[in-house]
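Residue numbering restarts at 1 for every chain, and letters A, B, ... go by the order of the sequence lines. Heavy-atom basis, side chains included; hydrogens, waters and symmetry copies ignored.
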Amino acid sequence: MIEFRGVNKWFGSLHVLKDINLAIKQREVVVVCGPSGSGKSTLIRCINRLERIQNGEIIVDGISLSGKKTDITKLRAEVGMVFQQFNLYPHKTALENIILAPIWVRKQSRAKALKIGKDLMAKVGIPDKLDSYPAQLSGGQQQRVAIARALAMQPKIMLFDEPTSALDPEMINEVLDVMTNLAREGMTMIVITHEMGFAHRVSTRIIFMDEGQILEDESPELFFTQPKNERTRFFLSKILTH
Amino acid sequence: MSFDWSVIFSNAKFLLLQGLVGIGVYGGGTLRLAIPAILLGFVIGIILGLARMANRPWIHYPAVLYIELIRGVPLIIVIFWFWFLVPVIIGRPIPEYWVALTAFVIFEGAYIGEIIRAGIQSVPKGQVEAATASGLSYAHIMFDVILPQAIRNMIPALVTQFIVLFKDTSLASIIGMMDLTKAAQTVSERELRPFEMYLFIAVVYWIFTYSMSRVAHRLEVRMSPDRRP
């Protein structure tokens, strides 16, 4: 579904992704963790080309991102993304946020987009907030609208960039629950998170990154019990002790 | 010291029709200058603001040069350029009204360009990223996501600039254009009633600028349904 082949990326002189090789299959739920600045965010932002790579190749759903004839907007429609800061459009209601791209990118009729939008709002547990503006919603509700907005495009892949890091602790679970259900339904997901409970329960695979490299790529069982890398053990000891 | 307020009423037609609106033998007129200056300055400003944000250096740098050059010069100097220099270059005089309008549009365009740029840049980067990630085209990202937020953010600064421009049109009287200020000056010299005249036109200017700020406030509220509780 997603393949990185010898990918390198620099920000100026900073080498943020170092020779990344990675293959993710359909229905996998991959958690990416690591210290800040390790390149995990850049890694997933390359998948829908929010960041461009300098060399190597990324193939998403059978299509090379660097191909001359690649229609990037068409590919982006297949890849949903959820951000740490939600990034809902503040001048639009929850429902308007959800239907914008389906109408203009998927060319859905307004009626159909509204129907799907309402269903998704029910699915993420806030069917009564259709006409609320983002500023009128709690952080957890905003992030669930953002997930519904991404799902409205009926994507093949969902990317989550620290979806719970900006939330108050009591709102984290309502978002993780939505993501857990999505994983159970078989969505292909890449999730950057430090919620190790979620990683343990839901993921099929955990990747640990540091300084632009993938140091660990394991099943959750092995990742938590027998991490191969010294750096991984140090990281886990830091985040699991409290 | 005694006041004679009747001088206002006896000259009201000249002051308001000729000076304010611009209907009369002298041409000119504060509103006839200010309204097209605001509209054209806005158009020039949008072009300059977008040009300044362009990636292509041959679009970007001329816009930067224009804005920095014009902003660094007093308005009255720009008016004088067109009043004294341009007729020499083209070899014939230009009517005061056209000198003033040209100078105002060129001057205001630079300021409005900066307001447009700041407004667009005030929209958080995450908005563009979310819209981009959903597969929207550049035009939809601009018109459905960025501009509605940018314009709302721009309104206070834009209106301040329009109010400044409205008041600055009084500078056109220096080159002899018959606006509200020049009309008041003319009457006051004839009737020897400067206090009454300048107080009267101050009130007229204030009524217009205050109305502009009220309209802007209402517009801002109407464009911000999400900020209502």
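Residue A/W10 qualifies as enclosed at atom CH2: its count of foreign heavy atoms under 6.0 Å is above 12. For B/H60, the NE2 atom counts as densely surrounded, since its 6.0 Å shell holds more than 12 non-hydrogen atoms of other residues, nucleotides or ligands. Around CZ of A/F11, the count of heavy atoms belonging to other residues, nucleotides or ligands within 6.0 Å exceeds 12. By the 6.0 Å contact criterion, OH on B/Y26 is open, its count of non-hydrogen atoms from other residues, nucleotides or ligands being 12 or less. Counting heavy-atom neighbours within 6.0 Å of B/Y198 OH, excluding the residue itself, gives a total above 12. Counting heavy-atom neighbours within 6.0 Å of A/R27 CZ, excluding the residue itself, gives a total of 12 or less.
Proximity to chain B is absent for every atom of A/R106, based on heavy atoms less than 4.5 angstrom apart. Using a 4.5 Å cut-off between heavy atoms, A/L88 touches chain B through its backbone atoms (N, CA, C, O) alone. A/F83 touches chain B through its side chain: at least one heavy atom from C-beta onward sits under 4.5 Å away, while N, CA, C and O do not.
From A/R49, atom CZ reaches atom OG1 of B/T132 across 11.5 Å, with rounding to the nearest 0.5 Å. Interatomic distance, CG of A/N97 versus OG of B/S134, reported as 10.0 Å (0.5 Å rounding).
A distance-only check finds no donor-acceptor pair linking the side chain of A/H91 to the backbone of B/I146 [under 3.5 Å]. Looking only at distances, no side-chain donor or acceptor of A/N48 sits under 3.5 Å from a matching main-chain atom of B/A133.
Within the 4.5 Å cutoff, the side chain of B/P148 has no heavy atoms near those of the A/K92 side chain. Residues A/V105 and B/L136 meet the side-chain proximity criterion, which asks for heavy atoms closer than 4.5 Å.
Listed here is the closest heavy atom pair of A/P90 and B/Q149: CG-OE1, 3.2 Å.
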